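Scroll down for the structure; my scribbles are underneath it.
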Amino acid sequence: MQKNLVIVESPAKAKTIEKFLGKDYKVMSSYGHIRDLKKKDLGIDLANSYRPLYEVPADKEKLVSELQAAVNKADVVWLASDEDREGEAISWHLYETLGLRDKQYHRIAFHEITKNAIFHAIENPRRINRDLVNAQQARRVLDRIVGFELSPILWRKIKPALSAGRVQSVAVRLITEREREIDAFQSEAAYRVQATFLKKEGGTPYQINAELNKRLKTKEEALEFLNRLKGINAFTIDSVVTKPAKKSPAAPFTTSTLQQEAARKLGFSVSQTMSVAQKLYESGKITYMRTDSVHLSSLAINASKAEIGEAYGKKYVKTRQFSTKSKGAQEAHEAIRPTYMNAHQTTGTSQEQKLYELIWKRTIASQMADAELERTTVTINIFEDEDVKFVSSGEVITFDGFLRVYLESTDDEPADNEESTLLPPIMRKDILDLKESTATERFTQRPARYSEASLVRKLEELGIGRPSTYAPTISTIQNREYVEKTNIEGTDREYNVLHLKKGKITDAIKTEKTGADKNKLKPTDTGIVVNDYLTEFFPRILDYNFTADVEKEFDYVAVGAEVWTDMIDRFYKKFHPVVEEALNTHEDHKVGERILGIDPKSGKQISAKIGRFGPMIQLGTQDDEEKPRFVSLRKGQSLGTITIEEAIKLFDLPRPIGEYEEKELTASIGKFGPYIKFDGKFISLPKDADPYTITQEEAIELIEAKRKQDREKLIKIFEGKDGKDGKDAVQILNGRYGPYIAYKEKNYKIAKTVDAAALTLKECMEIIKTTKSKTKTKVEKKEKKKTKVTEKKKKVLEEEAKEKKAKAPKK
DNA sequence: CAGTGAGCGAGCTTCCGCTTGACTT
């Protein structure tokens with residue numbers, strides 16, 4: 001039996017380490033934390049100096065008993081969780097939960113997974129650092145207090161199941177404020193002037209493009225300028241300046257930079273990047289993907305050096321160690337890099353291959369020489385004694401260095417026409433002819449909305465959130481419907497172009513698209529209302545510096561200079577009274593309400609606010625005798641901008657549109673768009689139809705079309721015991737995606753090669769057996785929504801089983 | 001993806017950071 005038990009955080013790591021350590025060591029994984037604050041209620045004993053109430057979560061119970069069994073068999077336990085605040089706490093929770101004795105355990109940590117690092121760690125064991133553990137407890141308790149005291153306020157004041165927290169609420173604030181900047185933005189127009197010159201006789205002929213070094217504010221100014229140009233018949237090159245420049249490679253990937261580059265270069269979402277990286281990590285191809293460190297092991301640097309030397313030559317090698325500049329970095333791991341630098345590519349899905357290649361290139365490039373460039377700037381004189389000049393610049397790469405492998409992308413869209421070009425052989429004093437010149441009206445750009453990846457970058461910059469939480473945070477704020485992805489078509493905008501050629505000036509109007517935006521983050525009405533409410537009542541928590549400030553205090557705790565419960569006490573004594581105050585201010589469910597006015601028809605008040613199902617309009621008040629009427633806002637409408645007329649119009653639906661076959665016809669808008677309702681059935685309206693204007697005739701046409709479709713839908717029925725609609729009936733139907741079999745509430749696709757109408761019952765049953773149905777039954781759908789309910793059931797079952805065991809006689 | 005269109009009463013929701021796997025009669 002093995003005498004030594006090593007516990008690490010990740011199972012992939014466990015596997016690797018076990019190989020290094022040999023047969024005297026058993027290596028297990030804790031799969032992260034094994035204990036947490038009680039899931040229900042606050043989980044903190046406020047009356048007892050904030051004592052945390054810990055429990056092993058249900059899904060960790062089995063693991064903990066396996067760990068316990070291994071501990072009981074081992075002589076020595078090596079707690080090898082990561083060397084950071086969370087890692088220290090993981091070790092301590094293991095120590096507490098598994099009942100380790102002080103003489104029985106060693107605390108060790110390694111920053112890279114190499115044989116040397118592991119043996120070095122084993123030779124240098126230490127004790128658990130209680131101060132660091134306390135810093136983690138302070139972090140954990142503070143986050144729980146903030147989250148579990150703020151969220152219920154939102155349930156009462158705005159809508160159920162909302163949430164707030166130190167990280168997510170600030171993320172929403174960033175997005176909301178950016179949207180306000182965009183709303184307030186006034187774009188300004190100015191004329192950009194470009195010109196093309198030709199060299200006059202003598203020497204080698206050439207052509208050169210240049211731009212005026214200032215923009216002209218008005219059309220009059222631009223016209224006047226072109227007219228003055230017209231009168232000049234020779235231009236002189238005033239200066240030619242060439243300067244050497246250098247570009248250095250970016251640091252190897254951290255979680256956040258990987259997410260940004262994968263988004264820009266590969267179009268991956270933040271969570272997609274993480275799951276692909278996880279696959280690469282599990283198959284041993286890259287190092288750990290949740291890291292804030294840019295550090296590379298000496299092993300990796302040497303391997304890169306060898307690869308670069310072999311592939312590109314020695315002068316391309318320049319090894320470097322980068323240093324982390326992000327706030328609050330804990331650097332328990334290496335940067336994200338290939339495990340084996342000599343593997344330039346990898347196998348697997350195409351996503352895995354692409355991401356791997358990106359990581360390989362970034363790592364290799366980080367150890368390559370700077371690129372060397374020459375930047376040449378040419379100025380062309382226009383008028384005597386005036387500062388306005390035409391300027392042309394070009395760039396030549398004299399040594400490509402790391403650019404040979406990799407260039408980091410930027411978020412900024414390239415400014416139009418600023419691409420650097422190779423310049424012809426130009427000499428000072430050269431005389432030029434003007435070929436043509438264009439003055440184009442250009443508009444200043446509004447601020448850019450955040451993308452998932454640029455939001456991550458901003459959060460990291462502010463020191464908010466950790467590598468393991470960036471992706472989940474972004475999902476949370478979308479799941480809560482605080483923010484959503486944009487899909488804005490944009491509108492046409494006219495701009496003016498003045499063109500001078502052969503002494504003539506033409507004046508043209510052109511159009512361009514503006515305001516289009518896709519997959520960027522934008523606040524919803526709910527997000528705006530929640531954000532405004534929280535920033536008003538809890539400015540401290542929503543402050544961009546809040547996390548950085550409390551992190552400083554956690555650091556004091558971590559070095560033993562501060563008692564963690566004192567710190568929490570100071571915080572709570574300030575925070576909690578505001579919670580109480582907030583609960584007592586405002587009527588419930590009225591936050592963010594906008595009174596639009598009085599409905600002229602009924603004389604009742606019309607207001608807009610966030611309701612149980614999102615933004616809505618209310619007609620009447622609770623105090624009225626009659627119950628108020630409610631209606632949800634439509635897509636594209638928002639609380640802040642909806643007018644009373646638009647609001648009143650929403651109550652016109654559902655709209656009666658006469659009768660057909662002595663039954664009522666109504667038109668309305670539902671979850672799936674506009675529809676007409678007839679005889680208890682719903683028929684979706686085609687895109688060009690409007691429920692506010694659709695006529696009885698048009699509606700009847702739709703009903704008949706639907707009837708015809710339904711008739712064609714049914715190809716064949718094999719009746720069951722209970723007739724053709726019975727539970728065991730087999731139906732062959734024509735659906736949107738071709739013929740299919742419906743049986744026992746599930747659907748089975750029929751292959752295109754099969755003649756559906758000719759199928760026998762036997763053949764149908766064969767298809768049912770062999771085809772996998774993708775249909776979710778109603779039960780499954782429900783269960784997916786309420787997995788927690790099943791979890792509970794499971795627990796009850798488990799407990800029953802335990803009881804039985806206990807009752808059973810012992811051997 | 002195979003068919004849809006909320007609205008009651010009771011009890012529920014929620015945080016951030018570590019880590020993967022995703023029940024069966």
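Computed over heavy atoms, backbone and side chain alike; hydrogens, waters and symmetry mates excluded. Keep in mind that this is a model prediction, so the values were computed, not measured. Every chain is numbered from 1, with letters handed out A, B, ... down the list of sequences.
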I'd like to know whether the aromatic ring centres of Phe575(A) and Phe538(A) sit less than 6.0 Å apart in this structure. yes
Could you check how far OH of Tyr675(A) sits from P of dT4(B), rounded to whole Å? 13 Å
Of all the choices, dT19(B), dT14(B), dT20(B), which nucleotide is nearest to the side chain of Glu282(A) once you look at every atom? dT20(B)
dC15(B) phosphate, OP1 or OP2, under 4.0 Å from Ser151(A) side-chain N/O: no
Assign each of Gln278(A) and Val631(A) to its nearest nucleotide of DNA chain B by heavy atoms, then name whichever residue's nucleotide is nearer the 5' end. Val631(A)
Just wondering, more than 12 heavy atoms not from Lys60(A) lying within 6.0 Å of its NZ? yes
Quick one: Asp59(A) CG to dT19(B) P, roughly how many Å, whole number? 15 Å
Nearest whole Å is fine: how far is dC15(B) P from Asn479(A) CG? 10 Å
Shortest side-chain distance from His33(A), nucleotide among dC18(B), dC15(B), dG5(B): dC18(B)
Using a heavy-atom cut-off of under 4.0 Å over every strand shown, decide if Ser275(A) touches base, sugar-phosphate, or nothing. nothing
Can you tell me if Thr547(A) uses its side chain to pair, donor with acceptor, with the backbone of Ile464(A) under 3.5 Å? no
Check the phosphate of dT19(B) against Ser30(A), side-chain N and O only, distance under 4.0 Å to OP1 or OP2. Yes or no? no
Can you check the Arg35(A) CZ to dT19(B) P distance for me, whole Å? 19 Å
Does a nitrogen or oxygen in the side chain of Arg629(A) sit under 4.0 Å from OP1 or OP2 of dG7(B)? no
Given dG7(B), dG17(B), dT20(B), the nucleotide with the shortest approach to the side chain of Tyr288(A): dT20(B)
Identify, between Pro160(A) and Arg290(A), the residue whose nearest nucleotide on DNA chain B lies closer to the 5' end. Pro160(A)
Is the side chain of Glu452(A) donor-acceptor paired with the backbone N or O of Val270(A) at a distance under 3.5 Å, no angle test? yes
Are any of Arg156(A)'s side-chain N or O atoms less than 4.0 Å away from OP1 or OP2 of dC12(B)? no
Return the nearest nucleotide to the side chain of Tyr281(A); candidates are dC15(B), dT13(B), dT20(B). dT20(B)
Expressed in whole Å, how much space separates the C1' atoms belonging to dC12(B) and dC8(B)? 15 Å
Nucleotide of dC16(B), dT14(B), dC18(B) approaching Asp143(A) most closely (side-chain heavy atoms): dC16(B)
Counting side-chain heavy atoms from CB outward, which of dC16(B), dT13(B), dG17(B) is closest to Arg140(A)? dC16(B)
Taking CG from Asp36(A) and P from dT14(B), how many angstroms apart are they, rounded to a whole number? 15 Å
What nucleic acid atoms does Gln168(A) come within less than 4.0 Å of, heavy atoms only: base, sugar-phosphate, or nothing? sugar-phosphate
With the criterion set at under 5.5 Å between ring centres and under 30 degrees between planes, would dT20(B) be stacked on Tyr31(A)? no
Is there a donor N/O on one and an acceptor N/O on the other, under 3.5 Å, for the side chain of Arg144(A) and the base of dC16(B)? no
Just by modelled atom types, is the Ala332(A) backbone N or O under 3.5 Å from a matching donor or acceptor in the Asp84(A) side chain? no
Which nucleotide, dT13(B), dT14(B), dG17(B), lies nearest any side-chain atom of Thr469(A)? dG17(B)
Without decimals, in angstroms, what is the distance between Asp588(A) CG and dT13(B) P? 19 Å
Option passing side chain to side chain donor-acceptor pair (under 3.5 Å) with Tyr54(A) (candidates His33(A), Arg140(A), Gln137(A), Arg35(A)): Gln137(A)
Are any of Arg166(A)'s side-chain N or O atoms less than 4.0 Å away from OP1 or OP2 of dG17(B)? yes
Would one find more than 12 heavy atoms of other residues, nucleotides or ligands at under 6.0 Å from atom NZ of Lys279(A)? no
Taking NE2 from His333(A) and C1' from dG17(B), how many angstroms apart are they, rounded to a whole number? 13 Å
What's the base orientation of dC8(B): syn (chi within 90° of 0) or anti? syn
dC16(B) base to Arg139(A) side chain: any donor-acceptor pair below 3.5 Å? yes
Taking only the C1' atom of each, what is the distance from dG9(B) to dG5(B) in whole angstrom? 24 Å
From dG17(B), dC15(B), dT13(B), nucleotide with atom closest to Arg466(A) side chain: dG17(B)
For atom CZ of Phe554(A) and atom C1' of dG17(B), their distance in whole Å: 12 Å
Can you find a side chain N or O atom of Gln136(A) that sits less than 4.0 Å from OP1 or OP2 on dG17(B)? no
